[in-house]
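Structure first, then comments.
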Amino acid sequence: GAVVSQHPSWVICKSGTSVKIECRSLDFQATTMFWYRQFPKQSLMLMATSNEGSKATYEQGVEKDKFLINHASLTLSTLTVTSAHPEDSSFYICSAPLPPKLFFGSGTQLSVL
Amino acid sequence: DAKTTQPPSMDCAEGRAANLPCNHSTISGNEYVYWYRQIHSQGPQYIIHGLKNNETNEMASLIITEDRKSSTLILPHATLRDTAVYYCIVRVATGNQFYFGTGTSLTVIP
């Protein structure tokens, strides 16, 4: 099946710093990608839709200035958590559609100290 | 918004069939039923999907009721590696977004 690669797998950063997470579709092109956030023992929450060549669309309640998304090519989307704070600590997961399925990366565990 | 209802947890004996129910009473005619599972601290994994006919693949079977208001995912011979959270999702064929509900945490017991 199709592969979505996500890096890094885990990251620890100091409060106030920014963290970039990369999501790549390895063997297919994706004009859209999706970013999810998951807190412990909770379900995945869709944060935003990344659109190649245009602005991302954010779900209600998600701060677009806090979570910067760039979809620079048909195989790469990045999520930057700006000025991270401890409450941003979470498991972030990207995904890319290859219809009719959606393929997921392995996730990034972010811990903000 | 999630449009499905699933029991929060289930147990299944190893080697037995695991039957995971999902209610989707407000499903539209053009919406498919998808099942994914998530093993702890990993990304979700696709299992199976269907519109109205029953489906089977190497991982599982999907049984959809005639009125399409509910479905059951069947893992025919559960193993310890099937312990995971199973999510039932409905979405239109032309849409891309997947909205996850709360899922069912399946524990396979030796």
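Just so we're on the same page: letters track the sequence lines, and every chain starts at 1.
Cluster membership check: B/Ile27 does not share its hydrophobic cluster with B/Phe100, using side-chain heavy-atom separations under 4.5 Å among Ile, Leu, Val, Met, Phe, Trp and Tyr. Both B/Ile64 and B/Leu73 belong to a single network of hydrophobic side chains, linked directly or stepwise wherever heavy atoms of I, L, V, M, F, W or Y lie under 4.5 Å apart. A continuous path of Ile, Leu, Val, Met, Phe, Trp and Tyr side chains, each step under 4.5 Å between heavy atoms, connects A/Val19 with A/Trp35, placing both in one hydrophobic cluster. By the rule that hydrophobic residues join a cluster once side-chain heavy atoms approach within less than 4.5 Å of another member, B/Tyr32 and A/Phe103 end up as members of separate clusters. A chain of hydrophobic side-chain contacts below 4.5 Å, direct or via other Ile, Leu, Val, Met, Phe, Trp or Tyr residues, connects A/Met47 to A/Val11.
With a 4.5 angstrom heavy-atom cutoff, A/Gln38 touches chain B only via side-chain atoms. Looking at A/Leu46, only its side chain comes within 4.5 Å of chain B, counting heavy atoms on both sides.
By a heavy-atom distance cut of under 4.5 Å, A/Glu59, A/Phe91, A/Ile93 are the residues of residues 58-94 of chain A near chain B, going up by number. Of all residues spanning residues 43-63 of chain B, those with a heavy atom less than 4.5 Å away from chain A's heavy atoms are B/Gly43, B/Pro44, B/Tyr46, B/His49, arranged by number.
In this structure a side-chain-to-backbone donor-acceptor pair under 3.5 Å is present from B/Tyr34 to A/Pro100.
B/Tyr87 places a side-chain heavy atom less than 4.5 Å from the side chain of A/Ser43. Looking at heavy atoms from C-beta onward, B/Thr102 lies out of side-chain contact with A/Gln42 at the 4.5 angstrom threshold.
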Exercise. Under the ring-ring contact (aromatic ring centres under 6.0 Å, His included) criterion, do A/Phe104 and B/Tyr36 qualify, and how do the steps go?
Worked result: CA-CA 10 Å; A/Phe104 289 83; B/Tyr36 278 76; 5.6 Å; yes
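Taking both residues in full, the closest heavy atoms of A/Leu102 and B/Phe98 are given as CD2-CD1, 3.2 Å, listed atom of the first, atom of the second, then distance.
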